[in-house]
There are 2 protein chains.
Amino acid sequence: MPAEQEVGLGLRERKKLRTRATIREQAMRLFAEKGYGETTVEQIAEAAEISPSTFFRYFPSKEQLVLVDDLDPIMIRSFQEQPADLPVLTALRRSMERAFTDMSPEQFDREQARQKLIRSVPELRAAQLDELQRTIKMLADGVAERLGRPAGDIESRAFAGAVVGTILGVLDDEHVFSLDRMGRALDLFEAGFPFDKS
Amino acid sequence: MPAEQEVGLGLRERKKLRTRATIREQAMRLFAEKGYGETTVEQIAEAAEISPSTFFRYFPSKEQLVLVDDLDPIMIRSFQEQPADLPVLTALRRSMERAFTDMSPEQFDREQARQKLIRSVPELRAAQLDELQRTIKMLADGVAERLGRPAGDIESRAFAGAVVGTILGVLDDEHVFSLDRMGRALDLFEAGFPFDKS
DNA sequence: CTCGAATGTAGGAGTTACTCTCATTTGAGA
DNA sequence: TCTCAAATGAGAGTAACTCCTACATTCGAG
């Protein structure tokens with residue numbers, strides 16, 4: 001009895017999806033139990049019943065296993081689905097809210113655990129900038145499209161950078177994954193940081 | 001004949017400073033010649049005439065050797081030295097300009113080479129987020145002080161995040177270290193991204 | 001100036017993430 | 001069932017780091 005996401009796929013693909021999921025589950029379990037640094041790829045492989053070499057066929061590195069993000073694409077899609085006549089910030093806000101409410105409780109927990117893990121391990125925290133740059137770029141493209149500007153124009157990129165930076169600024173270890181905080185960030189951004197008018 | 005920075009230090013400290021500088025120089029030379037990934041710590045150690053174990057006493061990792069930043073503290077100090085009655089963005093702009101103009105051509109070249117190296121090596125690029133967070137935090141503290149707000153308050157952090165994010169957004173591989181680009185970012189920020197008023 | 005205490009260094013052994021290669025297995029399609 | 005391509009496992013190899021121990025150098029006190 002294959003799961004819903006798996007319909008229409010051959011046995012091969014289904015097995016691959018499962019292996020991938022198993023590796024991730026086992027890894028996250030071990031990380032939670034013993035810590036990221038104390039868990040070796042060999043142990044993960046053993047728990048997932050694959051060979052170490054197979055591990056690296058599924059994930060390019062131990063870091064990426066944690067960092068690959070299922071959420072970003074959802075957020076982006078939801079952003080693009082917002083009516084074109086909304087101001088960018090409003091569209092962004094709504095898509096954020098929708099992404100949060102659409103998430104199953106399990107998904108939410110998984111995502112929160114993931115974010116906390118990333119925050120707590122310097123190695124992972126570090127490797128996140130690439131993801132951040134990707135996010136900025138995707139958002140910039142979305143913004144450019146929405147405003148009828150050429151993709152990659154500097155204004156859209158500045159804008160996207162500013163929004164992401166604002167959110168980054170308000171998040172801390174206690175509020176890693178909080179819709180409230182992110183909304184608050186957008187509020188401040190929208191108000192144009194009015195406290196610096198000398 | 002000790003160099004200027006070295007006066008008033010014992011022989012021990014002076015030697016340490018020199019060793020550290022030598023390691024960095026040799027490393028950057030080798031990176032430029034053969035590439036980052038193709039240069040091993042062993043080779044750097046050999047070129048700097050130290051043992052590999054000693055390398056790790058001077059730098060916690062091969063990455064950090066490249067990432068440690070002499071520029072940030074200068075920028076921060078210069079920011080704090082700006083008259084208190086200037087608007088934050090103006091103060092920021094001036095301190096940025098001053099940091100650039102104060103730099104010797106050699107320093108500028110070194111810094112530019114460093115930034116290009118970081119941009120071109122995924123491993124290094126990734127490890128930069130921690131630096132970025134530090135920058136945001138320092139700027140946020142500076143901003144808070146300047147505005148007479150409690151250190152670490154959320155508005156200052158959002159603001160600092162937004163500014164840094166804006167700059168991050170406008171920089172690309174061709175404009176890694178460009179005062180022009182950064183100034184442009186501040187312009188856009190200051191104007192409040194006026195193109196999203198629906 | 002000398003001696004003992006810090007401090008710094010070299011060398012080596014060990015761990016782990018990751019790469020490459022090759023032989024074997026397993027699923028897809030005829 | 002048979003054949004081909006894709007997936008896996010096993011093993012050897014590399015390089016970044018860690019830890020430990022023995023030796024050398026510098027410093028400060030008497």
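Note that the structure is a prediction, hence the values are computed from the model and not measured. Just so it is clear, the values below take in all heavy atoms, side chains as well, and ignore hydrogens, waters and symmetry mates. Chain identifiers are assigned alphabetically (A, B, ...) following the order of the sequence lines, protein sequences preceding nucleic acid strands; residue numbering begins at 1 within each chain.
Listed by residue number, there are no residues of residues 24-31 of chain B with a heavy-atom contact under 4.0 Å to DNA chain D. Taking a 4.0 Å limit (strictly below) on heavy-atom distances, residues 43-64 of chain A reaches DNA chain C at A:Phe56, A:Ser61, A:Lys62.
Rounded to whole Å, the distance from CZ on B:Arg14 to P on C:dT7 is 18 Å. As a whole-Å value, the separation of B:Lys16 NZ from D:dC27 P is 12 Å. Between B:Ile23 atom CD1 and C:dT9 atom P the separation is 8 Å, expressed in whole Å. Counting to the nearest Å, the P atom of D:dA12 and the CD atom of A:Glu42 are 14 Å from each other.
Sorted by first then second residue, the side-chain hydrogen bond (donor to acceptor under 3.5 Å, both in side chains) pairs that include residues 120-129 of chain B, not counting sequence neighbours, are A:Asp130-B:Arg125.
Remark: the backbone N or O of B:Ile74 is not paired with any side-chain donor or acceptor of B:Ser78 at under 3.5 angstrom. With B:Arg157 contributing its side chain and B:Lys137 its backbone, the two residues share no donor-acceptor pair below 3.5 Å.
Under a cut-off of 6.0 angstrom, the local environment of CD in A:Glu131 is crowded, with over 12 non-hydrogen atoms contributed by other residues, nucleotides or ligands.
Taking all atoms of both residues into account, the shortest heavy-atom contact from A:Leu179 to A:Met96 is CD1-CE, 3.9 Å.
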Fill in: Summary of protein contacts for nucleotides 23-30 of chain C, nucleotide by nucleotide, where a base hit scores B, a sugar-phosphate-only hit scores S (4.0 Å, heavy atoms)
---BBS--
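With 3.5 Å as the limit, one finds no donor-acceptor pair spanning the side chains of B:Gln107 and B:Arg110.
Looking at residues two or more places apart in sequence or on another chain, you find a side chain to side chain donor-acceptor pair (under 3.5 Å) between A:Asp187 and A:Arg93. A:Glu81 meets the salt bridge (Lys or Arg N to Asp or Glu O under 4.0 Å) test with A:Arg98; sequence neighbours excluded.
Stacking of A:Arg146 on the aromatic ring of A:Phe79 is recorded, both the 6.0 Å distance cut-off and the 45° axial limit being met.
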